[in-house]
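Down below is the structure, laid out as structure tokens.
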Amino acid sequence: MSIKLVAIDIDGTLVNNNREITPEVFEAIQKAKSAGVKIVIATGRPLLGVKNILESLNLLDAGDYVITYNGALVQATATGEAFIDEPLTYDDYLDIEMESRRLDTPLHSITMSTIYTHNRNISKYSINEAYITGLPLKYRTAEEMSKHEIIKMMYIDEPEKLDATIAKLPQRFRERYTIVKSTPFYLEILNTNASKGLAVQHLAEKLGISHEETMAIGDEENDHSMLEAVGNPVVMANGNPELKKIAKYITKSNEESGVAHAINEWVL
């Protein structure tokens, strides 16, 4: 059965180590789109943070979709309209914010348009997130956050400190939220109904695409749910060894245009 939808992670997957899309990857994606395959970028970033990538790949047409905020939103790329929207509640915010104080771990929260921090000493990792996503960074107290729709929250710290925080998280946290470590210094906390995997499943259902006709390509822990959700999971050669255990295919590394190899070999 032919592949009709391919969900692709960005860092370590779509782009090489210089954060570039190689000519081989560009060409393969154009051929797949021309053949009617839905190419869906799946990222933890907001739409604004991937607009340049979508534009460079000609993925801003009517009928193109993008998975943002690690699955909390699925949006039409041309309009930004949300097809799936799974935000956190204000009660969630208060719970996660209080736990950050107990664990002495910096935190920021992200809406559709802004990054907010309650930390008066603003973390360099909040500044880094603002730089990567293109979103403004603002200080707000917990009380002031009640009027904002929060898409996701992030515990942020030096890798060894963040690992210590993760080890101390209460079990109820893991039951109440989707928790994803996206980099050594970012722990993302989302609505329990939000994940890359659920986003791919729901989008495929909307488009009338069967499980066997879906593929995902990724390399790290935050791609796990997406890879498990599709009929054809592909892991990069540079990917997490644990992730390779659930792969149907192992493609070349991101430095060797592994996304192009996967599309050419198993889609086209």
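Reckoned from all heavy atoms, side chains included, excluding hydrogens, waters and symmetry mates.
Residue Leu227 belongs to a hydrophobic cluster whose other members are Val235, Leu243, Ile246, Ile250, with links defined by side-chain heavy atoms closer than 4.5 Å. Other cluster members for Met98: none, since no ILVMFWY side-chain heavy atom sits under 4.5 Å from it. In this structure, Tyr139 shares a hydrophobic cluster with no other residue, the cluster being traced through Ile, Leu, Val, Met, Phe, Trp and Tyr side chains under 4.5 angstrom apart.
Side-chain atoms of Asn232 come within 3.5 Å of backbone atoms of Thr214 as a donor-acceptor pair (strictly under, hydrogens ignored). Put simply, the side chain of Asn238 gets close to the backbone of Asn254: a donor and an acceptor are under 3.5 Å apart. Side-chain atoms of Asp223 come within 3.5 Å of backbone atoms of Glu220 as a donor-acceptor pair (strictly under, hydrogens ignored). Counting only distance, with no hydrogens or angles, the side chain of Asn191 and the backbone of Asn193 share a donor-acceptor pair below 3.5 Å. A donor-acceptor pair under 3.5 Å is formed between the side chain of Thr178 and the backbone N or O of Ala194. Between the Ser56 side chain and the Ile53 main chain, a donor and an acceptor come within less than 3.5 Å of each other.
Val180 and Phe185 fall into different hydrophobic clusters, where Ile, Leu, Val, Met, Phe, Trp and Tyr residues are linked whenever their side-chain heavy atoms come under 4.5 Å apart, directly or through other members. Under the 4.5 Å side-chain heavy-atom criterion for grouping Ile, Leu, Val, Met, Phe, Trp and Tyr, Ile179 is not connected to Ile151 through any hydrophobic cluster. One hydrophobic cluster holds both Leu107 and Leu169 under the rule that ILVMFWY side chains link at heavy-atom gaps under 4.5 Å. A single hydrophobic cluster is not seen to contain both Leu190 and Tyr90; linkage of ILVMFWY side chains at heavy-atom distances under 4.5 Å, directly or through other members, places them apart. Residues Val200 and Tyr69 do not share a hydrophobic cluster, defined by chaining ILVMFWY side chains whose heavy atoms lie under 4.5 Å apart.
The 12-atom threshold is not exceeded at OH of Tyr131, counting heavy atoms of other residues, nucleotides or ligands nearer than 6.0 Å. Other residues, nucleotides and ligands contribute over 12 non-hydrogen atoms within 6.0 Å of the CZ atom of Arg172. When the shell of 6.0 Å around NZ of Lys244 is examined, it contains more than 12 heavy atoms from other residues, nucleotides or ligands. By the 6.0 Å contact criterion, NZ on Lys4 is open, its count of non-hydrogen atoms from other residues, nucleotides or ligands being 12 or less. At most 12 non-hydrogen atoms from other residues, nucleotides or ligands lie less than 6.0 angstrom from CD of Glu81.
Listed by first then second residue, pairs satisfying side chain to side chain donor-acceptor pair (under 3.5 Å) with a partner in residues 102-114 read Glu99-Arg102, Thr105-Thr165, His108-Ser126, not counting sequence neighbours. Applying the side chain to side chain donor-acceptor pair (under 3.5 Å) definition to pairs two or more places apart or across chains, those involving residues 151-161 are Lys124-Glu158, Tyr125-Glu158, Lys152-Glu188. Under the ring-ring contact (aromatic ring centres under 6.0 Å, His included) criterion, no residue pair touches residues 15-63, with sequence neighbours excluded.
For Asp92, the salt bridge (charged side-chain N to carboxylate O under 4.0 Å, His left out) partners two or more places apart in sequence, or in a different chain, are Arg176. Residues meeting the salt bridge (charged side-chain N to carboxylate O under 4.0 Å, His left out) test with Glu97, sequence neighbours left out: Arg101. Evaluation of the salt bridge (charged side-chain N to carboxylate O under 4.0 Å, His left out) rule for Lys31 yields Glu27 as partners, not counting sequence neighbours. By the side chain to side chain contact (heavy atoms under 4.5 Å, CB included) test, Gln201 pairs with Leu198, Ala229, sequence neighbours left out. Applying the ring-ring contact (aromatic ring centres under 6.0 Å, His included) rule to His148 yields the partners Tyr116; only residues at least two apart in sequence or on another chain are considered.
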Inset, instruction - Could you give me the CA-CA distance, side-chain angles and deciding distance for Gln30 and Asn58, then say whether side chain to side chain contact (heavy atoms under 4.5 Å, CB included) is met? - result: CA-CA 8 Å; Gln30 300 316 300; Asn58 299 316; 3.1 Å; yes

Legend entry - Lys196 and Asn70: CA distance, side-chain angles, deciding distance, side chain to side chain contact (heavy atoms under 4.5 Å, CB included) verdict: CA-CA 5 Å; Lys196 284 186 178 182; Asn70 273 323; 3.1 Å; yes

Inset, instruction - Determine, stepwise, if the pair Ser182 / Asn222 fulfils side-chain hydrogen bond (donor to acceptor under 3.5 Å, both in side chains). - result: CA-CA 6 Å; Ser182 54; Asn222 63 328; 5.4 Å; no

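For the pair Thr43/Asp9, no side-chain contact is recorded, criterion being any heavy-atom separation below 4.5 Å from C-beta on. Side-chain atoms of Pro46 and Ile110, non-hydrogen and from C-beta on, never get closer than 4.5 Å to each other. In this structure, Leu207 and Leu5 have side chains that are in contact, with non-hydrogen atoms separated by less than 4.5 Å. Between Leu88 and Met153, some side-chain heavy-atom pair lies under the 4.5 Å cut-off. Residues Leu135 and Leu48 meet the side-chain proximity criterion, which asks for heavy atoms closer than 4.5 Å. Residues Lys33 and Leu59 are in side-chain contact: their nearest non-hydrogen atoms beyond the backbone lie under 4.5 Å apart. Residues Ser100 and His118 are in side-chain contact: their nearest non-hydrogen atoms beyond the backbone lie under 4.5 Å apart. At a threshold of 4.5 Å between non-hydrogen side-chain atoms, the residues Ile41 and Tyr65 do not count as touching.
Residue Leu73 comes nearest to Gln75 through the heavy atom pair CD1-OE1, 3.8 Å, listed as atom of the first residue, atom of the second, then distance.
At least one cation-pi condition fails for Lys181 and Tyr186: the charged atom is not both under 6.0 angstrom from the six-membered ring centre and inside a 45 degree cone around its axis.
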Side-chain atoms of residues 258-268: list all donor-acceptor pairs with protein atoms under 3.5 Å, sequence neighbours left out, distances to 0.1 Å.
| from | atom 1 | to | atom 2 | distance (Å) |
| --- | --- | --- | --- | --- |
| Asn264 | ND2 | Ala260 | O | 3.0 |

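Between Asp11 and Arg45 there is a salt bridge, with a side-chain nitrogen of the basic residue lying less than 4.0 Å from a carboxylate oxygen of the acidic one.
Side-chain contact, Asn119 with Thr117: a donor N or O sits under 3.5 Å from an acceptor N or O. For the residue pair Ser253/Glu256, the side-chain donor-acceptor check at 3.5 Å is satisfied. Between Ser257 and Thr22, the side chains place a donor N or O and an acceptor N or O closer than 3.5 Å (distance only, hydrogens not considered).
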